[in-house]
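Structure record follows, encoded as structure tokens.
For the numbers below, each heavy atom of this structure counts, side chains included, while hydrogens, waters and symmetry mates do not.
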Amino acid sequence: MEQIKNDIVNYLKANSFMDNNSSLEDDDSLTQNGIIDSIGLLELMDYICGKYSIEIPEDMLTPENFDSLQGITNMITKLAK
């Protein structure tokens with residue numbers, strides 16, 4: 001799970017969503033902290049699908065699954081089984 005979190009943070013930093021010196025806690029809101037917006041969310045979804053070779057079902061497109069590192073990690077873990 002730590003690797004998934006690191007992959008997501010590295011993606012956010014590499015694509016200028018976050019400053020390289022910034023840190024992110026597992027439960028920090030990506031939207032409320034201004035890290036990602038709706039367009040960024042679509043880009044993040046594309047990255048996740050490609051990186052982990054998964055498809056995200058429509059019913060999993062919820063704030064709980066995409067607004068924090070923990071939510072994203074939990075979702076990827078469930079779908080990658």
Side-chain angles (χ1 to χ4, degrees):
M1 289 182 89
E2 281 304 309
Q3 185 59 50
I4 294 171
K5 291 176 189 175
N6 290 336
D7 289 344
I8 300 300
V9 169
N10 289 337
Y11 168 83
L12 293 171
K13 288 180 178 181
N15 290 280
S16 301
F17 291 107
M18 288 176 62
D19 184 88
N20 281 334
N21 298 324
S22 298
S23 63
L24 191 61
E25 297 298 320
D26 289 357
D27 293 324
D28 286 349
S29 170
L30 299 178
T31 54
Q32 289 180 2
N33 288 314
I35 295 170
I36 204 161
D37 59 14
S38 57
I39 301 298
L41 180 59
L42 293 173
E43 293 173 7
L44 178 60
M45 286 172 44
D46 283 344
Y47 167 76
I48 290 169
C49 290
K51 172 83 175 162
Y52 298 100
S53 301
I54 58 174
E55 287 190 34
I56 302 168
E58 198 172 308
D59 65 331
M60 291 191 88
L61 299 176
T62 64
E64 294 81 25
N65 288 337
F66 280 98
D67 197 40
S68 69
L69 284 178
Q70 191 63 55
I72 293 168
T73 301
N74 291 345
M75 179 196 61
I76 292 170
T77 303
K78 286 178 193 172
L79 292 174
K81 288 183 178 182

Can you list the residues that meet the side chain to side chain donor-acceptor pair (under 3.5 Å) rule with Ser22, with sequence neighbours excluded?
none
Under the ring pair (Phe, Tyr, Trp, His ring centres under 6.0 Å) definition, can you give me all pairs with a residue in residues 21-45, not counting sequence neighbours?
none
OG on Ser53 to CD on Glu55, rounded to 0.5 Å
10.5 Å
Residues two or more places apart in sequence or in another chain: which of them pass side chain to side chain donor-acceptor pair (under 3.5 Å) with Asp7?
Gln3, Tyr52
Side chain to side chain donor-acceptor pair (under 3.5 Å) partners for Thr62, two or more places apart
Glu64, Asn65
Set of residues satisfying side chain to side chain donor-acceptor pair (under 3.5 Å) with respect to Asn74, sequence neighbours excluded:
Gln70
Would you sort out whether Ile8 and Leu24 count as a side-chain contact (heavy atoms from CB on, under 4.5 Å), showing the intermediate values?
CA-CA 10 Å; Ile8 300 300; Leu24 191 61; over 6 Å; no
Closest heavy-atom pair and its distance - Phe66, Met60:
CE1-O, 3.8 Å
Of all the heavy-atom pairs spanning Ile4 and Thr73, show the shortest one and how long it is.
CG2-OG1, 3.7 Å
Enumerate the residue pairs fulfilling ring pair (Phe, Tyr, Trp, His ring centres under 6.0 Å) with a member in residues 9-37, sequence neighbours excluded, ordered by first and then second residue.
Tyr11-Tyr47
Measuring only between side-chain heavy atoms, which start at C-beta, is Ile48 closer than 4.5 Å to Leu79?
no
Residues 17-34 vs salt bridge (charged side-chain N to carboxylate O under 4.0 Å, His left out), sequence neighbours excluded, gives Lys5-Asp26
Could you state whether Leu69 and Leu61 fall into the same hydrophobic cluster, counting links through intermediate Ile, Leu, Val, Met, Phe, Trp or Tyr residues with side-chain heavy atoms under 4.5 angstrom apart?
yes
Do any side-chain atoms of residues 35-46 form donor-acceptor pairs under 3.5 angstrom with protein atoms, and if so which ones, sequence neighbours left out?
residue : atom : partner : partner atom : Å
Asp37   : OD1  : Ile39   : N            : 3.2
Asp37   : OD1  : Gly40   : N            : 2.8

